[in-house]
Amino acid sequence: MYKNALRGGVRTAKQAWKLKNEIGKLNLEVAKANTEFEQHLCEESAHLNELISSKQFVKVQKQFYRDYSSVSLGAPLKNSDAPLLGDLCNQYRAILAYTSADVVPGQKKGQPQHQQSRRTHTQQETRVQQQEEVDGMAQKQEFKRLPTNVVPKHYELLLQPDLEAFTFKGKTIVQIQVKEPTTQIVLNALDIIIDEAVLEFECTKLKADRIVYSTEAETATLEFEQGIPAETAGVLHMSFTGELNDKMKGFYRSKYFSASGEERYAGVTQFEATDARRCFPCWDEPAIKATFDITLVVPKNRVALSNMPVKKEDALDGGLRRVRFDRTPIMSTYLVACVVGEYDFVEGKSEDGIIVRVFTPVGKREQGQFALDVATKVLPYYKDYFNIAYPLPKMDLIAISDFSAGAMENWGLVTYRETFVLVDPKNTSLMRKQSIALTVGHEIAHQWFGNLVTMEWWTHLWLNEGYASFVEFLCVHHLFPEYDIWTQFVTDMYTRALELDSLKNSHPIEVSVGHPSEIDEIFDEISYNKGASVIRMLHDYIGEDDFRKGMNIYLTRHQYGNTCTEDLWTALQEASSKNVAEVMSSWIKYKGFPVVSVESEQQGKSQRILRLSQRKFTADGSQADEDCLWVVPISVSTSRNPTAIAKTFLLDKPSMEVVLDGVSASDWIKINPGTVGYYRTRYSKEMLEQLMPAVKNMELPPLDRLGLIDDMFAMVQAGHASTVDVLALVEGYRNETNYTVWTAITNSLTNLHILISHTDLMEDFHRFGRNLYEPVAQRLGWEPREGENHLDTLLRSLVLARLVSFRSSEVIEVARKRFRSHINGTNPLPADLRNTCYKAALQDGDEQVFEEMLALYRTTDLHEEQDRISRALGCSTDVKLLRRVIDFAMSGEVRAQDSVFVIVAVAINPKGRDMAWEFFKSNNKQLLERYQGGFLLTRLIKYLIENYASEERAKEVEEFFKVTQIPGCERTVSQAVETIRLNAAWLERDRAKLSTYLKSV
């Protein structure tokens, strides 16, 4: 037994015995609570038996409101004892069988257990079959979606979390429709134990004889001895137990502190993409929609929230209360949400009558005001834009202390990281406020695009995320025109997408996915940023009016349903009378994008012939593996009117000629004005030379100056141009005044900085950087001017921070003095300058400065400030202090959601790069256990390895990940290894010329 347990990976068989004994204790607790549950379920049984149409219910509800998205047994186990039972059950369920006293009669000890029984709280035996791939017991199965012979119509879900023992128990009654004769019901369940399952139909009551779990497929199969006939409308009763885990997925615990400093926990759900199954047994696929009646049993002094408003509250014994919520519209399981904890809130009402609340940590009510102001304006904006009213009666936004993503669009109850919703007027930077406005706009856009109309499967994820990522900019531009947000779209979204999409290991916007580990991996810059960029290009191609009309057709036609990409093309095609599908299919089908090469020839005094050709752009400049032909919407501007479009056409073949009239020999021509088209442009030498004076005198609009420099750096990486030539071109931007253009320059120079960090040219590069950035820093100064615009405030932070990195002695001296005044409390730093001053102090600071920063971290309760400090720690040049930074990141002082970014801060520091990689290699199991795969781990892996620049490192990384399997990170590793090789080739190609150039400036 012990041998088998160890082979399965459990640290001690003794711990497994302990867990088994705790199951017995929990079953007694469940038995005590059973009477109360049954009473509640009886009260609700009348309407459960009425199988009313979900759509009909939603229609009535909308009219009414408006007139018109495993089990822990007792105390949590310490890491030193054993993994949490959630992990144990998830990965090693079969091992519990070896240590179980309730083995099926007649089964031999030591035999792999595929059939076991255990007693439920009703003392009736349920046989449980565990199908596991432990120690080669089963081969990895091909992923299959749930069968469609049984589908849910309505859930009644009751959850009771124990916020001290970190467990929860629940019951669900599901109205189901059986379409074909069957003896089994397959649904999703993971890390929960179904104690009992009973099906009632037509005066018949069937108890599941066996419950078959598959951790690989994340399913539970309820098997019945008696067959269930076709066209049966039945009610499925299930009771279950689970763990309030610490993985920030499913139903999990989130730590916070009371006003007196007491450590407490909230219960929070995070179900996207496939984690509703960790909370309750369900059909956890986006296309299997249903309505939900949700009930929470919670401590009487805790706030209880869900998707809908509270319908009824009842006091219960034991200091508990039962909170019942109104029925939801028909929706996907991943949009169900529950939160139990202590919160304050601010409340408002949108002009169209929707109640909006922002829930904050206790005592921080005022920090929710900015998000409230944004949300109350966003709702009517989207109502007007889509010409469809928001279908719920309330909109709650809530700040969660422990939260893996930035935010989650649960219908009617949007959850956020604290840093993405809370604004402290004295301590929140302007950039953070802008980010919060975008995030609120993004999540509320999902209430229509994603929640009201949902993708049919995760293959079409980009429909949700790409569209919301586009519309958030529309919304913020409407609310805050002073942000010049569309210019920032190019650096925030567009160029980041192009950079990733140029890799051979990129993926199409629409990529077939199956298993949840594959789904997590496509929540990336392609689905979000490329998706948004392609939608922006389409919006420009068909025009604003037709775009809005098409969106209304799409949302109206498919409301409360599911769609695929072709449904969107059909609606936009109807609205615009343009062949949208023909134009857009190539952008969805192919990975990557084209580079459009252009040459020009003057013909007479006023005619210019343009010769354009397209081919797939590759980051390494090699010939593409496949022949791709895009339908490229091309637009052109000229020096006659730099802000107007001179000509538009479709490049739908490998090459073509176009004639421009009214263009003289001295006029410049710009392809892709506004940087709207999702492609790179490669100009002939003559055309580029004509454009450069328009850059220097800023005759060329900001988006075009930005796009030009970004394309040029991409050509350098691909080997189509020399680094030295582009650095000389950058000199032409010395007088640049636009924040977003400087952001593009900074991003490109940051990539170059990575290369140079592998050489002895750092001092020369720093000198080049100082010469470039100092003029704009002198113009802006340290103090904001009266009436200063939004972008200049952002530019000051950017430029001063870069000059700290470039070792500007003057800037560093001022920054350190300001830091000292801040530490002493004599002159607090403006939030926009703290990052700069913290880095200036830490960069060459000693242990005393390090300790001062840790003290500052420990005294603030603003999450944003903690982020600023903890990430600044990684810029130290003292290797011993960097080791302490990693230890600090893994300590209990830093939340798990933030640890990754603290380690990344060390990894991107040339002094800490090797240390961070060695740390990961030694501690990858601990990190995998902490994050259970997911995007936080993939982000960490990406930044740990992609900044190397040698073939030796590329091979080392490849070999490590061949031996060390980390599910869901395969594509990320491939992309990072490809980037290492790109860096190595770039460095080898340009190192000699770069050395000569930098030493001469």
Side-chain angles (χ1 to χ4, degrees), residues 487 490 494 498 536-537 540-543 578 583 586 593-617 629-716 718 720-722 725-726 728-730 732-733 736 741 744:
T487 306
V490 177
Y494 173 96
L498 289 175
R536 175 172 171 254
M537 180 172 66
D540 183 73
Y541 173 63
I542 68 175
K578 290 185 177 180
V583 173
S586 57
F593 56 88
V595 54
V596 175
S597 299
V598 56
E599 298 177 348
S600 71
E601 178 186 339
Q602 188 68 25
Q603 190 167 336
K605 292 184 178 180
S606 61
Q607 242 183 20
R608 188 81 62 90
I609 298 175
L610 298 181
R611 297 187 180 91
L612 302 102
S613 62
Q614 65 159 299
R615 67 179 179 86
K616 183 175 181 179
F617 181 81
L629 183 66
W630 284 268
V631 180
V632 188
I634 301 284
S635 53
V636 182
S637 64
T638 74
S639 53
R640 294 293 175 97
N641 190 344
T643 60
I645 304 299
K647 193 176 187 70
T648 60
F649 53 92
L650 291 176
L651 175 60
D652 56 0
K653 43 194 167 189
S655 62
M656 66 187 299
E657 287 190 358
V658 174
V659 177
L660 288 181
D661 294 318
V663 181
S664 70
S666 61
D667 288 337
W668 53 256
I669 290 172
K670 177 70 174 64
I671 306 298
N672 197 16
T675 316
V676 174
Y678 188 74
Y679 56 90
R680 297 281 189 198
T681 305
R682 187 180 180 188
Y683 294 96
S684 66
K685 183 180 178 182
E686 295 75 20
M687 292 183 74
L688 192 58
E689 287 174 350
Q690 279 191 316
L691 278 167
M692 285 317 298
V695 171
K696 292 180 180 179
N697 62 26
M698 290 187 283
E699 177 188 356
L700 207 61
L703 277 171
D704 294 320
R705 303 198 299 271
L706 184 164
L708 191 64
I709 195 68
D710 194 67
D711 281 346
M712 285 302 299
F713 266 102
M715 297 304 152
V716 165
H720 298 316
S722 164
D725 291 341
V726 178
L729 185 149
V730 168
Y733 286 77
E736 180 60 59
V741 178

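Throughout, numbering of the chain's residues begins at 1 and tracks the sequence. Predicted model, so just to flag it, every value in this text is computed and none were measured.
Put simply, the side chain of S639 gets close to the backbone of W668: a donor and an acceptor are under 3.5 Å apart. Remark: the backbone N or O of V631 is not paired with any side-chain donor or acceptor of Q614 at under 3.5 angstrom. A donor-acceptor pair is defined here as one N or O able to donate and one able to accept, closer than 3.5 Å; such a pair exists between the side chain of R608 and the backbone of S664. Q690 places no side-chain N or O within donor-acceptor distance of the main-chain N or O of M692, the cut-off being under 3.5 Å.
Partners of E699 under the salt bridge (charged side-chain N to carboxylate O under 4.0 Å, His left out) rule, at least two apart in sequence or in another chain, do not exist in this structure. Take R705 and apply the salt bridge (charged side-chain N to carboxylate O under 4.0 Å, His left out) test, not counting sequence neighbours, and it matches E736. For D725, there are no salt bridge (charged side-chain N to carboxylate O under 4.0 Å, His left out) partners two or more places apart in sequence or in a different chain.
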### Query
Could you go step by step and tell me if K647 and I669 meet the side-chain contact (heavy atoms from CB on, under 4.5 Å) rule?
CA-CA 11 Å; K647 193 176 187 70; I669 290 172; over 6 Å; no

Under 3.5 Å, side-chain donor or acceptor atoms of residues 672-679 against the rest of the protein: list the pairs with distances, not counting sequence neighbours.
| unit_1 | atom_1 | unit_2 | atom_2 | d |
| --- | --- | --- | --- | --- |
| N672 | OD1 | V676 | N | 3.2 |
| N672 | OD1 | G677 | N | 2.7 |
| N672 | ND2 | G677 | O | 3.1 |
| T675 | OG1 | L703 | O | 2.7 |
| Y678 | OH | D501 | OD2 | 3.0 |

Give every donor-acceptor pair under 3.5 Å between a side-chain atom in residues 681-689 and any protein atom, sequence neighbours left out.
| unit_1 | atom_1 | unit_2 | atom_2 | d |
| --- | --- | --- | --- | --- |
| Y683 | OH | I671 | N | 3.0 |
| Y683 | OH | I671 | O | 3.4 |
| S684 | OG | M687 | N | 3.3 |

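Atoms CG and CD1, on L612 and I634 in that order, are 6.0 Å from each other to the nearest 0.5 Å.
Residue pairs meeting the ring pair (Phe, Tyr, Trp, His ring centres under 6.0 Å) criterion with at least one partner in residues 596-617, sequence neighbours excluded, are F593-F617.
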